[in-house]
Amino acid sequence: AIARIQDIPHEVEKAGQLKKTKIAEGGRKLRKNWAMSWVVLAGNSLIFYKEPKVQAPGGWRPSGSKPESSVDLRGAVLDWARDMSSRKNVIHLRMVTGNEFLLQSDSDAVIQDWYQILQNVIERLDRE
Ligand code: I3S
């Protein structure tokens, strides 16, 4: 199946490449498996794609792959993963489902942008 722009239920607020690993599933710890992911923030959802989407004038376009997974940001807890990785610039996200992720970029600016926008979305959802 091919992901189309209309399959994305909400406006894309941000998209970009980050290193990602899942570290827990339903509260159960998992072995890390860092991999590059194309991350799309749309509405309440953070959507992960394996392959980068094509950047096009006026936005981005799925390059023909289904999302690997997506998570609902409602009730999520965001913090910096200071003691959870040897890498720098690591965001720790814990979802209400007990699934946990680390997101990382070598770029300070890139990771700060993601932290800020994720914090804004989570706070907005907390107020709803
Ligand atoms: O938290 P850990 O166990 O130090 O995480 C490292 C390991 O997952 C390692 O793989 P092995 O499970 O084969 O030892 C990864 O290659 C490392 O990247 C993990 O640590 P960092 O510090 O990169 O998150």
Side-chain angles (χ1 to χ4, degrees):
I2 291 175
R4 296 188 190 81
I5 197 80
Q6 58 266 34
D7 297 333
I8 308 292
H10 294 276
E11 202 177 312
V12 173
E13 289 187 48
K14 188 171 176 64
Q17 264 195 319
L18 293 172
K19 281 265 180 67
K20 186 199 85 173
T21 183
K22 198 174 188 178
I23 58 164
E25 168 92 48
R28 205 174 56 88
K29 236 188 142 213
L30 297 175
R31 189 170 185 171
K32 282 181 189 163
N33 182 20
W34 285 104
M36 203 48 104
S37 184
W38 184 257
V39 184
V40 175
L41 175 65
N44 304 350
S45 300
L46 203 56
I47 309 161
F48 302 114
Y49 292 85
K50 275 196 175 136
E51 283 128 53
K53 306 294 106 182
V54 179
Q55 292 286 355
W60 65 285
R61 209 147 280 164
S63 68
S65 65
K66 269 189 10 174
E68 186 186 14
S69 62
S70 71
V71 296
D72 185 352
L73 288 167
R74 200 177 293 275
V77 178
L78 173 76
D79 60 2
W80 291 106
R82 292 205 172 80
D83 304 317
M84 303 177 83
S85 177
S86 61
R87 294 161 193 254
K88 67 165 190 168
N89 299 337
V90 183
I91 287 174
H92 176 214
L93 254 185
R94 181 157 48 83
M95 326 312 298
V96 288
T97 55
N99 291 355
E100 295 179 52
F101 299 88
L102 300 181
L103 301 173
Q104 192 263 346
S105 171
D106 290 337
S107 159
D108 297 359
V110 166
I111 205 73
Q112 289 291 343
D113 272 8
W114 274 104
Y115 193 94
Q116 198 57 58
I117 197 163
L118 288 169
Q119 191 172 47
N120 292 348
V121 170
I122 291 166
E123 281 176 4
R124 186 190 76 213
L125 293 171
D126 282 346
R127 285 193 304 269
E128 279 178 13

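Keep in mind the model is a prediction, meaning the values are calculated, not measured. In each ligand, atom 1 is the first atom listed, and ligand 1 is the first ligand listed.
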_Counting non-hydrogen protein atoms only, what is the nearest one to atom 21 (P) of ligand 1? Give residue, atom name and distance._
Ser85 OG, 3.4 Å

*Starting from atom 20 (O) of ligand 1, locate the nearest protein heavy atom and write down its residue, its atom name and how far away it is, to 0.1 Å.*
Lys32 NZ, 3.6 Å

Per-atom contacts of ligand 1 with [X], taking only distances under 4.0 Å to non-hydrogen atoms:
X	result
Ser86	21 (P), 22 (O), 23 (O)
Trp34	18 (O), 21 (P), 23 (O), 24 (O)
Arg31	11 (P), 12 (O), 13 (O)

For the pair [X] (side chain) and [Y] (backbone), establish whether a donor and an acceptor sit closer than 3.5 Å, ignoring hydrogens and angles.
X	Y	result
Asp72	Ser45	no
Ser105	Ser107	yes
Glu100	Gly27	no
Lys88	Asp106	yes

Please check [atom] for a protein heavy-atom neighbour under 4.0 Å.
atom	value
atom 1 (O) of ligand 1	yes
atom 11 (P) of ligand 1	yes
atom 23 (O) of ligand 1	yes

*So Phe101 and Phe48, would you call those rings parallel, tilted or perpendicular, with 30° and 60° as cut-offs?*
tilted

*For Arg94, does the CZ atom have more than 12 heavy-atom neighbours from other residues, nucleotides or ligands under 6.0 Å away?*
no

